[in-house]
Amino acid sequence: MKKIVLLTLFISSLLFAQKEQISVNILPQKYFVEKIVQDKFEINVMVNPGSSPHNFEPKPSQMKSLAKSKIYFISGDNSELAWIDRFKQNAKDTLFVDSVKDIVKIPMTEHHHHDEDAHHDHDAHDHEHDEDSLDPHTWLDPINVKTIAKNIYEAVILVDEKNRDFYENNYNKFLIELDNLDLELKNILEPYKNRAFMVFHPSWGYFAARYNLNQIAVESQGKEPKPNELVNLINEAKMHDIKVVFTSPQFSKKAATVISENIKGNVEVIDPLSIDWENNLINTAKLIEKSYK
């Protein structure tokens, strides 16, 4: 009996080892890909949990997995794009696919703490922004993810045509899930339309735009606020009756803590890179809701 169990485990491990791979940049992409391919591919993620995609450097093991991958899905982060040429040289047989193709990108929140006129309409200035200043956090809007899912589905059937019906069925189910999620988030956040929330890193611009919220960023262009900027942020938080400062696991809580102490509020962690993508967006919406009560 023991021999049979060992043989079964050996065969299972062999089958797993032979499974073809797909590579992605960040954990939310893994969630999206798995919604469509389920267990037909092994997913290699380049940015490890807890790491920031803004300063990552892939490990040799990840590069090896990339070279074996049928597809690499590009997320569009500037730090990732700096590696793309090297990725392509390393993985000559891999299909590189822009997973955010056809998504209209918005500028990163530029919060000029010293400027009272900072609250301008970015739409009028979109033409002034080059690719480096555009917000890469497209996956934090469920409607954007419908486009991402389409790009994933179309690429997967190129490399595995025989399972097209399987992938199409999963893709269509996922679209329904995304519409349902969008409706749930609207129901949670509708009472707080046009209200402001404060977050350390401006990751939530697409989320804020989708649900009619105003994201106020603590840091600007990767730099923590200076003392005089902190004072302005504290005053702004008081003006908007903000009681919570949001931060994420990839960044320091120092400035957020200083602000929260001065507004007699607290700090909450929301992770834009969570693998549990759907529940993470719902949890974020509920934390924002809670912060207004």
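- Contact record, S75 with V100: O-CG1, 3.6 Å, taken as the closest heavy-atom pair.
- Around atom NZ of K150, no more than 12 heavy atoms belonging to other residues, nucleotides or ligands sit under 6.0 Å away.
- With contacts defined as side-chain heavy-atom distances shorter than 4.5 Å, the pair I43/E34 qualifies.
- Annotation: side chain of P142 is not in contact with side chain of Y206 (no heavy-atom distance under 4.5 Å).
- In this structure, S291 and K243 have side chains that are not in contact, with every pair of non-hydrogen atoms separated by 4.5 Å or more.
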Set out, in order, the CA-CA distance, both residues' side-chain angles and the distance that settles side-chain contact (heavy atoms from CB on, under 4.5 Å) for L181 and L281, then state yes or no. CA-CA 9 Å; L181 172 61; L281 288 195; 4.2 Å; yes

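- Summarising the geometry, atom CD1 belonging to I143 is positioned 13.0 Å from atom OG1 belonging to T138; distances are rounded to the nearest 0.5 Å.
- Remark: side-chain polar atoms of N151 are paired, donor with acceptor, to backbone N or O of K101 under 3.5 angstrom.
- Heavy atoms only, all atoms of each residue included: A255 and V218 are closest at CB-CG1, 4.0 Å.
- Residues Y211 and L183 do not share a hydrophobic cluster, clusters being chains of Ile/Leu/Val/Met/Phe/Trp/Tyr side chains in contact below 4.5 Å.
- No side-chain heavy atom of N194 sits under 4.5 Å from any side-chain heavy atom of L213.
- Across all their heavy atoms, G76 and K105 have their closest contact at O-NZ, 3.9 Å.
- Using cut-offs of 30° and 60° for the angle between ring planes, the H137 and H201 rings count as perpendicular.
- Side chain of E184 to backbone of N180: no donor-acceptor contact under 3.5 angstrom is found.
- Under a 4.0 Å N-O distance rule, the pair D39/K19 does not qualify as a salt bridge.
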When you look at V47 and E80, which way does the side-chain contact (heavy atoms from CB on, under 4.5 Å) test go after all the steps? CA-CA 10 Å; V47 179; E80 174 199 33; over 6 Å; no

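- Atom-to-atom distance recorded for Y31:OH and I26:CD1 is 14.0 Å, nearest 0.5 angstrom.
- Contacts of F197 classified as ring-ring contact (aromatic ring centres under 6.0 Å, His included), with partners at least two apart in sequence or in another chain: none.
- Remark: A155 pairs with I71, F73, V97 by the side chain to side chain contact (heavy atoms under 4.5 Å, CB included) rule, at least two apart or across chains.
- A heavy-atom distance below 4.5 Å is not found between the side chains of L134 and M108.
- With rounding to the nearest 0.5 angstrom, the CG atom of L185 is 8.5 Å from the CD atom of E278.
- Here side-chain hydrogen bond (donor to acceptor under 3.5 Å, both in side chains) pairs that include residues 163-174, with residues two or more places apart or in two chains, are Q38-N170, D160-N163, D160-Y167, E161-R164.
- T284 places no side-chain N or O within donor-acceptor distance of the main-chain N or O of I270, the cut-off being under 3.5 Å.
- For the residue pair T94 and L66, the shortest heavy atom distance occurs at OG1-O, 3.2 Å.
- A distance-only check finds no donor-acceptor pair linking the side chain of W139 to the backbone of F32 [under 3.5 Å].
- Ion pairing between K40 and E20 fails under the 4.0 Å rule for side-chain N and carboxylate O.
- How far CD1 of I263 is from CD1 of I242: 7.0 Å, rounded to the nearest 0.5 Å.
- In this structure, Y153 OH and L175 CG are separated by 10.5 Å, a value rounded to the nearest 0.5 Å.
- A donor-acceptor pair is defined here as one N or O able to donate and one able to accept, closer than 3.5 Å; such a pair exists between the side chain of N262 and the backbone of V258.
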Worked verdict on I188 versus K286 for side-chain contact (heavy atoms from CB on, under 4.5 Å): CA-CA 7 Å; I188 294 170; K286 287 180 176 178; 4.1 Å; yes

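- Counting only heavy atoms from C-beta outward, the side chains of I216 and L233 approach each other to under 4.5 Å.
- Interatomic distance, N232 CG to K226 NZ, rounded to the nearest 0.5 Å: 12.5 Å.
- Contacts of K293 classified as side chain to side chain contact (heavy atoms under 4.5 Å, CB included), with partners at least two apart in sequence or in another chain: Y192, E289.
- Under a 3.5 Å cut-off, the side chain of T247 and the backbone N or O of V267 do not form any donor-acceptor pair.
- Under the 4.5 Å side-chain criterion, counting only non-hydrogen atoms from C-beta, D271 is in contact with P249.
- The ring-ring contact (aromatic ring centres under 6.0 Å, His included) test applied to Y72 returns F87, F96, not counting sequence neighbours.
- Side-chain heavy atoms closer than 4.5 Å link hydrophobic residues (I, L, V, M, F, W, Y) into clusters, and following such links, even through other members, never connects V269 to F200.
- Scored by the side chain to side chain contact (heavy atoms under 4.5 Å, CB included) test, P272 finds L140, S203, W204, S248, Q250 as partners (sequence neighbours excluded).
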Decide salt bridge (Lys or Arg N to Asp or Glu O under 4.0 Å) for R210 and D182; before the verdict, give the C-alpha distance in whole Å, the side-chain angles of both, and the deciding distance to 0.1 Å. CA-CA 9 Å; R210 177 64 58 190; D182 177 50; 5.0 Å; no

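- Other residues, nucleotides and ligands contribute more than 12 heavy atoms inside 6.0 Å of the CG atom of N279.
- Residues V245 and S260 share a closest heavy-atom pair of CG2-N, 4.1 Å.
- Cluster annotation: L81 is connected to W83 through the hydrophobic network of ILVMFWY side chains, with a link wherever side-chain heavy atoms come within less than 4.5 Å.
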Residue pair W277, V145: steps toward the side-chain contact (heavy atoms from CB on, under 4.5 Å) verdict: CA-CA 11 Å; W277 177 81; V145 175; 3.5 Å; yes

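- Here the shortest heavy-atom pairing between S23 and N44 reads OG-ND2, 2.8 Å.
- Looking at heavy atoms from C-beta onward, M46 lies in side-chain contact with M63 at the 4.5 angstrom threshold.
- Listed for the E224 side chain is no donor-acceptor partner under 3.5 Å among the backbone atoms of E219.
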